[in-house]
Amino acid sequence: MNYNHKLIEKKWQKKWEESKIYRADDTSSKPKYYALVEFPYPSGEGLHVGHIRPYTGLDVIARKRRMQGFNVLYPFGWDAFGLPTENYAIKTGIHPKIITKKNTDTFRRQLKSLGFSFDWDREVNTTDPTYYKWTQWIFLQLYKKGLAYKAKMAINWCPKDKIGLANEEVIGGACERCGTAVEKKEKEQWMLAITQYAQRLYDDLDSVDYIPAAKTGQRNWIGPSAGALVKFPVVGSEHCIEVFTTRIDTIFSGTYVVLAPEHPMIEDLKGSITNWDEVEQYCAEVRNISDIERTSFERPVSGIALRGIHVTNPATGEEMPVWVADFVLAHYGTGAVFADAHDARDFELAKKYNIPLKTSIVPDDKDLAPQVENLEVCFEGEGILIHSQRFDGMTSSEARPKIIEWLKEKGSAEPHTTYKLRDWVFSRQRYWGEPIPMIHCDACGWQPVSEDDLPLELPEVERYEPTDTGESPLASMTDWVNVSCPVCGGSAKRETDTMPNWAGSSWYFLRYVDPHNANSLADKEKLTHWMPVDWYNGGMEHTTLHLLYSRFWNKFLYDIGVSPVSEAYQKRTSHGIVLASGGEKMSKSRGNVVNPDTVVDIVGADALRIYEMFMGPFDQAIPWDERGLNGAHRFLGKVWDIAQKGSVGRGENESITRLLQKTIKKVTEDIESMSFNTAISALMIFTNECYKADIVPQEAWNSFLHILAPFAPHMSEELWHTQGHTTSVHRETWPQYDAARLEEELVSIVIQVNGKMRGSFETSRGSTKDANIETAKRAGHVSQYLEGKTIVRVVYVPDKLINFVIK
RNA sequence: GCCGAGGUGGCGAAACUGGCAGACGCACUAGCCUUAGGAGCUAGCGCCGCAAGGCAUGCGGGUUCAAAUCCCGCCCUCGGCACCA
């Protein structure tokens with residue numbers, strides 16, 4: 001093989017770039033196709049071989065679509081705000097802008113050396129003020145529609161470093177930097193009311209084509225549960241404790257109410273609580289435990305009574321005590337539950353503290369029912385109602401709507417759906433993010449920055465650390481912070497928190513459509529032309545947050561007439577990550593990251609692309625194997641050698657032509673299901689046959705170069721031109737296969753005896769059953785197995801299999 | 001803990017609606033060849049066995065003429081869990 005990948009790959013990359021053959025055309029009359037990969041965070045380590053897998057996968061699809069006659073948009077950009085750059089800036093004092101520029105330059109150079117068919121004219125960068133102008137603009141629209149609001153939320157706080165920490169920076173409950181135990185600190189934060197879109201985000205999943213894991217991921221994350229809100233009046237007070245329940249059928253056994261330690265009612269009732277000191281201490285202790293720990297079943301339940309407080313059960317009219325317990329979460333439902341013998345934790349808590357219990361549901365199981373009634377076991381399932389007045393004898397599901405209706409008439413309950421999904425905490429006390437364009441005036445409250453003043457640019461600061469008070473470094477920029485109120489003109493202050501990294505990535509797919517537009521986020525006509533994204537591929541780790549956030553923003557933009565579609569992504573797939581050779585994660589700290597530059601240098605971009613696609617199923621995590629690259633390299637070498645041998649174009653070859661049909665079919669279909677590994681396997685089989693053959697028909701070879709082109713764009717382009725062509729192979733039409741030529745005339749029939757394979761024979765397709773059974777009985781060793789036995793039954797599958805069942 | 005994905009040779013894997021387990025590739029072995037190269041060619045390659053044959057798809061049951069594939073129970077690995085991106 002004398003294929004000089006260095007020379008040839010560079011040559012074509014230059015030609016493709018000059019002729020802009022991968023440019024997406026906004027005005028084309030061809031059908032459009034929008035293929036999207038998740039834009040990367042340009043980390044300081046540069047591109048690694050794991051990035052390349054998804055980009056190559058969708059590059060193959062984008063290239064195939066172009067050959068199938070589509071006008072393809074396959075863009076790229078940078079999600080460049082974020083913690084690592086900021087932390088690096090804190091350490092070195094170098095401005096994040098400079099670090100980002102350096103990192104994106106490296107990434108871009110590396111990506112270009114791999115021959116991806118991105119339209120580089122549409123590159124976007126979330127940290128570019130001309131980009132984040134629109135991120136801020138979207139925030140203002142959300143604010144105007146009442147979907148952005150301030151609320152007190154707990155942040156992780158390191159009391160020694162005096163800074164707020166991301167969850168990632170908290171290792172085992174301690175600060176990553178200094179090891180000090182992390183505390184929770186209440187802070188006013190901007191929130192986005194994604195829960196208002198919960199039902200639509202849930203329902204509209206029916207209209208899109210996502211891999212099942214992504215759909216269930218989203219559904220579970222949104223987590224709707226239908227139930228009722230029930231009011232429990234506090235005895236001797238105006239207050240009512242509102243409880244959310246999905247099990248209203250158990251209301252008659254409710255014997256106490258449990259509040260989350262954060263529940264505001266506790267403070268409201270302070271005056272009537274006789275054991276306040278104990279209560280306060282318990283609540284304080286719980287606040288520093290994570291939700292996961294609090295709700296863990298392995299953890300013993302704990303709680304404390306609010307002495308002096310009673311509420312009335314609206315169904316029974318009985319008075320009930322009120323407790324506080326850590327397993328009740330403030331942000332789920334109403335932060336309060338009514339407790340009974342039909343919930344394991346309620347049951348456990350009651351047993352532990354001798355709170356009275358009652359049953360109202362018995363299982364349809366004669367042995368179990370008495371144990372449940374005697375409170376020996378906790379029964380959480382559905383069953384038959386008892387001790388429930390007029391609802392006795394009904395099943396749980398029958399009773400639920402009837403009880404809600406009955407309580408509703410009394411003004412004590414109403415149907416309600418609640419969600420696991422919580423509103424989105426949108427503030428970060430950090431420098432390297434989009435400034436939140438809001439101004440606070442003591443007289444007028446929060447006021448939005450005028451849209452004419454966008455972008456509100458990040459000012460230069462000297463230090464990038466958050467301040468001692470936990471505010472972002474912007475807080476020390478008094479010139480920037482102190483402004484006049486846009487309403488009254490009085491003195492006011494800017495919001496100094498910035499947006500989370502998720503902001504910029506929640507709408508970038510819209511900006512690619514019209515990346516240089518200075519007057520709007522993107523031109524409506526262009527958006528209508530390109531949206532929705534036809535195929536979006538990304539990591540499974542983004543299934544819940546990024547995917548949901550961006551769907552939410554798009555839906556909101558749809559509602560205000562900006563986005564033309566209510567669902568951003570028509571199809572969503574996922575890739576598996578590339579692991580290091582040992583099977584562990586690739587990471588800088590482990591020192592096992594493979595840099596694609598070395599690989600491209602030694603075997604070339606095409607071989608790397610082929611290997612990445614061949615290494616295993618696209619959606620599965622695969623360990624990197626240096627030696628596997630040799631196989632890809634060798635395969636391409638063989639392709640090259642065939643072209644040099646002189647066998648191409650020397651005449652006809654029926655078996656090669658027939659194999660080509662099979663190969664085209666396999667590759668065409670496998671690309672669609674992202675079975676790139678088996679597509680390449682088919683290309684290898686075809687190559688091996690051509691290598692052995694004395695004659696490879698010209699037409700077959702041309703078609704082969706076409707279906708190889710998406711995987712190995714450089715070599716196929718070079719070989720295409722060696723055949724005398726002057727236009728790009730990537731502008732050729734994707735070959736069709738001839739279905740009539742696929743079916744082989746001869747079929748191999750498998751002979752089984754009692755289900756075990758004992759032989760086989762060849763016969764013509766569609767041959768008759770009786771003759772085949774006779775042939776099978778005599779074939780090879782089969783007769784031995786049948787000798788002296790009785791054939792009880794013969795299973796016959798035409799053109800495939802004969803199974804003799806013997807005794 | 002909850003949710004999701006997965007478990008097949010020495011390794012990565014393949015196997016369409018249940019129908020020849022291991023395609024394709026890596027590694028390895030033997031031989032050949034050579035402008036000694038991250039070369040190439042030919043053959044072999046699940047395990048046990050000289051063979052006949054037997055055993056094999058995480059483990060234990062089941063359904064079926066036939067199970068990697070369907071059903072029940074269990075074990076293990078990986079990903080996510082809301083301020084990493």
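Remember, predicted model here, so these are calculated numbers, not experimental data. In what follows, every chain begins at residue 1, and chains take the letters A, B, ... in the order their sequences are listed.
- Within 4.0 Å of A:E38, counting heavy atoms only, lies no atom of the nucleic acid at all.
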**Request:** Applying side-chain contact (heavy atoms from CB on, under 4.5 Å), run through A:D694 and A:S647 and close with a yes or a no.
**Result:** CA-CA 5 Å; A:D694 295 322; A:S647 55; 5.8 Å; no

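- A distance of about 13 Å separates the P atoms of B:rG46 and B:rC11, rounded to the whole Å.
- In this structure, A:Y55 has its ring center under 6.0 Å from that of A:F76.
- Note that the CD atom of A:E762 and the CD1 atom of A:I749 stand 10.0 Å from one another [nearest 0.5 Å].
- Annotation: salt bridge (Lys or Arg N to Asp or Glu O under 4.0 Å) contacts involving residues 605-622 of chain A, sequence neighbours excluded, comprise A:D59-A:R609.
- A:M613 has its CE atom 14 Å from the P atom of B:rA13, to the nearest Å.
- Atom CG in A:L579 sits about 14 Å away from atom C1' in B:rC11, given to the nearest Å.
- Backbone-only engagement by A:Y691 is indicated by non-hydrogen atom pairs under 4.0 Å involving sugar-phosphate atoms exclusively.
- In this entry the distance linking CD1 of A:I751 with C1' of B:rA66 reads 16 Å, nearest Å.
- Within the 4.0 angstrom heavy-atom criterion, base atoms lie near A:H542.
- Pairs passing the ring pair (Phe, Tyr, Trp, His ring centres under 6.0 Å) check and including a residue from residues 666-686 of chain A, sequence neighbours excluded, read A:F618-A:F676, A:F686-A:F704.
- Between A:H546 atom NE2 and B:rA85 atom C1' there is a gap of 10 Å when expressed in whole angstrom units.
- Side-chain contact, A:Y210 with A:T543: no donor N or O sits under 3.5 Å from an acceptor N or O.
- Nucleotides B:rG79 and B:rG62 place their C1' atoms 32 Å apart, quoted to the nearest Å.
- At the heavy-atom level, A:W424 lies nowhere under 4.0 Å from the strands shown.
- The separation of B:rA30 from B:rU63, taken at their C1' atoms, amounts to 48 Å, rounded to a whole angstrom.
- Within the structure, salt bridge (Lys or Arg N to Asp or Glu O under 4.0 Å) contacts touching residues 38-56 of chain A (residues at least two apart or in different chains) are A:E38-A:R572.
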**Prompt:** Can you give the dot-bracket line for RNA chain B, where a pair is Watson-Crick or G-U wobble with both atom distances under 3.5 Å, crossing pairs use [ ], and | marks a partner on another strand?
**Reply:** (((((((..(((......[....))).(((((.......))))).(((....)))..(((((..]....))))))))))))....

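- Taking 4.0 angstrom as the limit, A:R422 places none of its side-chain polar atoms (N or O) nearer than this to OP1 or OP2 of B:rA82.
- Residue-level contact check: A:S427 touches the bases, meaning some heavy atom is under 4.0 Å from a base atom.
- A side-chain donor-acceptor contact under 3.5 Å links A:W507 and A:T135.
- At most 12 heavy atoms of other shown residues, nucleotides or ligands fall within 6.0 angstrom of atom NZ in A:K665.
- Taking atom OH of residue A:Y88 and atom C1' of nucleotide B:rC84, one finds them 19 Å apart after rounding to whole Å.
- A:H575 has its NE2 atom 17 Å from the P atom of B:rA5, to the nearest Å.
- Within the 3.5 Å criterion, the main-chain N or O of A:A80 finds a donor-acceptor partner in the side chain of A:W432.
- Comparing A:A621 and A:P40 along RNA chain B, the residue whose closest nucleotide (by nearest heavy atom) sits nearer the 5' end is A:A621.
- Using bins of under 30°, 30° to 60° and over 60° for the plane-to-plane angle, the ring pair A:Y549/A:W424 lands in the parallel bin.
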**Request:** List the protein contact pattern of nucleotides 17-33 of chain B with one symbol per nucleotide (5' to 3'): B for base contact, S for sugar-phosphate-only contact, - for none; contact means a heavy-atom distance under 4.0 Å.
**Result:** --BB--BBSSS------

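- Nucleotide B:rA85 holds its C1' atom 14 Å from the CG atom of A:N103, rounded to whole Å.
- Contacts of A:E86 with the nucleic acid, taken as non-hydrogen atoms under 4.0 Å apart, are absent.
- When all heavy atoms of A:S675 and A:S673 are compared, the closest pair comes out as OG-OG, 2.9 Å.
- Comparing the C1' positions of B:rG31 and B:rU35 gives a spacing of 23 Å, expressed to the nearest Å.
- The glycosidic torsion of B:rG40 lies more than 90° away from 0, placing the base in the anti range.
- The distance from atom CH2 of A:W553 to atom OH of A:Y197, rounded to the nearest 0.5 Å, is 12.5 Å.
- For the C1' atoms, the distance from B:rA66 to B:rC32 is 45 Å, rounded to whole Å.
- Near RNA chain B, defined here as any heavy-atom distance below 4.0 Å, the residues from residues 215-223 of chain A are A:N220, A:W221, listed numerically.
- In terms of heavy-atom proximity, A:W624 sits nearest to A:V599 at CZ2-CG2, 4.1 Å.
- For A:E626, counting side-chain heavy atoms from C-beta on, the closest listed nucleotide (B:rG38, B:rG80, B:rC83) is B:rG38.
- Residue A:I577 is out of contact with every strand shown, counting any heavy-atom pair closer than 4.0 Å.
- With C1' as the reference atom, B:rC70 and B:rU77 are 24 Å apart, rounded to whole Å.
- For the residue pair A:Y41 and A:S505, no side-chain donor N or O sits within less than 3.5 Å of a side-chain acceptor on the partner.
- Distances were taken from every side-chain heavy atom of A:L83 (C-beta onward) to each of B:rG80, B:rC83, B:rC84; the shortest belongs to B:rC84.
- Checking A:K692 against A:V603, the closest nucleotide of RNA chain B that is more toward the 5' end is the one next to A:V603.
- Within 4.0 Å (heavy atoms only), A:I622 reaches sugar-phosphate atoms of the nucleic acid but no base atom.
- Among the atoms of the strands shown, only primed sugar atoms or phosphate atoms (P, OP1, OP2) are found under 4.0 Å from some heavy atom of A:P617.
- In this entry the distance linking OH of A:Y210 with C1' of B:rG4 reads 17 Å, nearest Å.
- Taking the P atom of each, B:rA85 and B:rG37 are spaced 48 Å apart, rounded to whole Å.
- As rounded to the nearest Å, B:rU57 and B:rA43 have P atoms that lie 31 Å from one another.
- Residue contacts for A:I155: at a heavy-atom cut-off of 4.0 Å it reaches a base atom on one of the strands shown.
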